[in-house]
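In the text below, chain A, chain B and the rest are named by the order of the sequence lines, each starting its count at 1. Given the structure is predicted, the values throughout are model-derived calculations rather than measurements.
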Amino acid sequence: MTAPTLSMAGALNRGLADALDADDRVLVFGEDVGPLGGVFRVTDGLAARFGERRVFDTPLAESGIVGTAIGMAMNGLRPVVEMQFDAFAYPAFEQITSHLAKLRNRTRGKVEVPVVIRIPYGGGIGGVEHHCDSSEMYYTHTPGLRVVTPGTPEDAYHLLRASIDSPDPVIFLEPKRLYWAKSEVDFAAGVPVDRAVVRREGADVTLIAYGPMVPVALETADAAREEGWDAEVVDLRTLSPFDDETVAASVRKTGRAVVVHEASGFCGYGAEVAARLTERCFHHLHAPILRVTGYDIPYPPPKLEEHHLPNVDRVLDAIARLQWDDQVDGVVGVA
Amino acid sequence: MTTVTRSERGLLPAAEPLALLTAAGEPVPAPVLPMPGDEVLLDLHRRMVLGRRFDAQATALTKQGRLAVYPSSRGQEACEVGAVLALDERDWLFPTYRDSVALVTRGVDPVETLTLLQGGWHLGYDPYEHRVGPQCTPLATNTLHAVGVAHAARLKGEDSVALVLLGDGATSEGDTHEALNFAGVWQAPVVFLVQNNGYAISVPMSKQNAAPSLAHKGIGYGVPSVLVDGNDPAAVYAVVRDAVRAAREGGGPTLIEAKTYRIEAHTNADDANRYRDPSEVAYWLSRDPLDRIEAYLRSRGLLDDARRDAVLAEAEAFAAKVRDGMNADVAPDPAELFEHVYAQPTPALREQAAQLAEELR
């Protein structure tokens, strides 16, 4: 039996439906998630199938959505809410950071808030301002939150199911540009949370990517082969907590690493990855860990976003810069 | 005696705060709601005496350095006690940082009530034991939690109601408005009680609000709104009880503004003389909620010196218990820092816990 081919949006839709089916406590709500099925149709058909007690539209108020979800979770339900677009979540920031993330800690474990906040994030779809932010670092910097982002439809399905089952609150970042990317989804596969995955084996350099940059890293690995570089691709999948083990093992093997993400580089997620790897793999490194990221600018208008977003060429350039020491064994030189 | 039900009153609050007792403790003519029963009135009195003594004890402990900070609710006992006694056991209470007296009235252990302010941990009690949310220091965020809990109760087919306490300053925060709107749209069984004590730290009502009253803020959300004399314990009890009953019966939310006054400063760290006139405090001292109910109970022959002395003795014993509990030196376990971040500590947290344990060896 072959696995069905689904878009990421389709896989997420199936994941929500299966979760609603599996557990009466699961609720899906947010802006336009009811009859419309969400602006990206991720919740398509759910209201009709599960009724408005389980799947419903809320007033247009993000803090309200997250704050009431917290109360519902305190009272035994498992809300899965949608923020519609990345930057739209900012009004809910206080509820997320001061309450959702901390309630377990503040109450010494007495109160669990198993809320999943789905946030379509990132660019590459020609969206106007405030519709393309990569906001992962705001959430990964907040202890108490799990931050998850799938790079394939299959991961999207399984990570969403695991997130809904998680006793901890989860920020579930959905790469908008991958919503329509299709591939096979094995519903029986099972994908663990908190674990990165080696998407492609390689010997010379590790490309570390997540969410929207996973296909870019894989494409770069193909292109790198033509240059004679055998690139390994690690898909982080869960940004927090970080899977040091899988990532460090890869970098110890290859001795070189490039972290790729859309968000601005300054104080970005790549800085954390580079620092962790330097601490753990320094004696295995043949070159500094490089970052290929968006520029340190507010997200640009649609007609300029291609210049901002990391692409295959930019990642290839970074790999090229890592080859400095080929002639000087074990010593990092200067280009 | 004819009284007016909540639905008959409509959305608009009356121009004058609803009261059952005058400042002198006499029954008002033509009351809008019935006077609570004698047992309730005696319980209100007793709990208010305990609450005031508790508040004074906590303030004293702060001066001795036993509490990091204490926001007094002296003068607001009618709200703290009246509102909580109007709840049933199955109902939920969402307090703010100023509502320690409400918590002890609800039955939370006084030492556990003060754990947050003492600095031992962020919360001392189990929120599920008495259905009391964590005391909330950000303003108005608890209003949404209360709406969520209340809505969840309805989705689960339970008839519990959530009462959320907030201050006048919190009505300026966005979350109050989102909560009122959600509650109105969902017809959630939630009661909002604004204790308008005149000041958001130092900022007076005149700089906080342009509406005729804070109760008016419910109207725009379709939430029936009531203005009540917050120094009249009988009225606060009756109004909250009425709103809770309406919510339980599917009548949706109510917003109540209780006009009261904070006799002490915002906290022990605040100097209220910088922003308010002593004559104002004197005026409100003359409207003391405890004096009011005591005068009424005496006039009815329900309270005499013997009973009053017995209640005062109980309050002294209660204060002694608080004192003993707070004077015990608490040494929180540093290992617990890492225990409640996630359901299971992450590998990184386990490493950090080991590092701290090593430092402490």
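Contact annotation for A:L145: only backbone heavy atoms (N, CA, C, O) come within less than 4.5 Å of a heavy atom of chain B. With a threshold of 4.5 angstrom between heavy atoms, B:A153 approaches chain A through its backbone and through its side chain. If you measure heavy-atom distances from B:Y128 to chain A, the contacts under 4.5 Å come from the side chain alone. Residue A:A61 touches chain B through both its backbone and its side chain, counting heavy-atom pairs closer than 4.5 Å. Using a 4.5 Å cut-off between heavy atoms, B:E336 contacts chain A through its side chain alone, with no backbone atom that close. Proximity to chain B (any heavy atom under 4.5 Å) is shown, for A:R54, by neither the backbone nor the side chain. With a 4.5 angstrom heavy-atom cutoff, B:E351 touches chain A only via side-chain atoms. With a threshold of 4.5 angstrom between heavy atoms, A:F56 approaches chain B through side-chain atoms but not through N, CA, C or O. With a 4.5 Å cut-off on non-hydrogen atoms, B:T141 touches chain A through its backbone and its side chain both. Using a 4.5 Å cut-off between heavy atoms, B:V341 touches chain A through backbone and side chain atoms alike.
Atom-to-atom distance recorded for B:L116:CG and A:R106:CZ is 8.5 Å, nearest 0.5 angstrom. Taking CG from A:D194 and OG1 from B:T346, the interatomic distance works out to 8.5 Å, rounded to the nearest 0.5 Å. Atom NE2 of B:H340 sits about 6.0 Å away from atom CZ of A:R108, to the nearest 0.5 Å. Note that CD of B:E178 and CD of A:Q95 are 8.5 Å apart. Values are rounded to the nearest 0.5 Å. Once rounded to the nearest 0.5 Å, the distance linking OG of A:S63 with CZ of B:F182 reads 8.5 Å. Distance check, rounded to the nearest 0.5 Å: NE2 of B:H145 to CE of A:M72 gives 11.5 Å.
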Worked verdict on B:Y342 versus A:S166 for side-chain contact (heavy atoms from CB on, under 4.5 Å): CA-CA 10 Å; B:Y342 296 95; A:S166 165; over 6 Å; no
Steps toward side-chain contact (heavy atoms from CB on, under 4.5 Å) verdict (A:L27, B:L155): CA-CA 10 Å; A:L27 305 176; B:L155 290 174; 3.7 Å; yes
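Ranking B:V147, B:N142, B:L144, B:D126 against chain A, the residue ahead of the rest is B:L144, based on heavy-atom pairs under 4.5 Å. Across B:A152, B:G133, B:A150, B:A146, the residue that shares the most heavy-atom pairs under 4.5 angstrom with chain A is B:A152. In terms of heavy-atom pairs under 4.5 angstrom with chain B, the leader among A:I65, A:D243, A:D244, A:L103 is A:I65. Interface summary for chain A: among B:H177, B:E339, B:E158, B:K156, the most heavy-atom pairs under 4.5 angstrom belong to B:K156. The choice from A:D24, A:D168, A:V66 that makes the most heavy-atom pairs within less than 4.5 Å of chain B is A:D168. Highest contact tally toward chain B, considering only A:K110, A:E245, A:K102, A:R104, is held by A:R104 [criterion: heavy-atom pairs under 4.5 Å].
Environment of CD in B:E89: sparse, with no more than 12 heavy atoms of neighbouring residues, nucleotides or ligands closer than 6.0 Å. Sparse packing is recorded around CD of B:Q344, with 12 or fewer heavy atoms of other residues, nucleotides or ligands lying under 6.0 Å away. For OH of B:Y221, the number of neighbouring non-hydrogen atoms (other residues, nucleotides, ligands) closer than 6.0 Å is greater than 12. For B:E249, the CD atom is densely surrounded, since the number of other residues' heavy atoms within 6.0 Å is greater than 12.
In this model, no donor atom of one side chain and acceptor atom of the other lie less than 3.5 Å apart for B:H151 and A:T68.
Listed here is the closest heavy atom pair of B:V149 and A:G71: CG2-O, 3.1 Å. When all heavy atoms are compared, the tightest approach of A:N105 to B:W121 is O-NE1, 3.0 Å.
Counting only distance, with no hydrogens or angles, the side chain of B:W92 and the backbone of A:N75 share no donor-acceptor pair below 3.5 Å. With hydrogens and angles disregarded, no donor-acceptor distance shorter than 3.5 Å links the side chain of B:Y125 to the backbone of A:T107.
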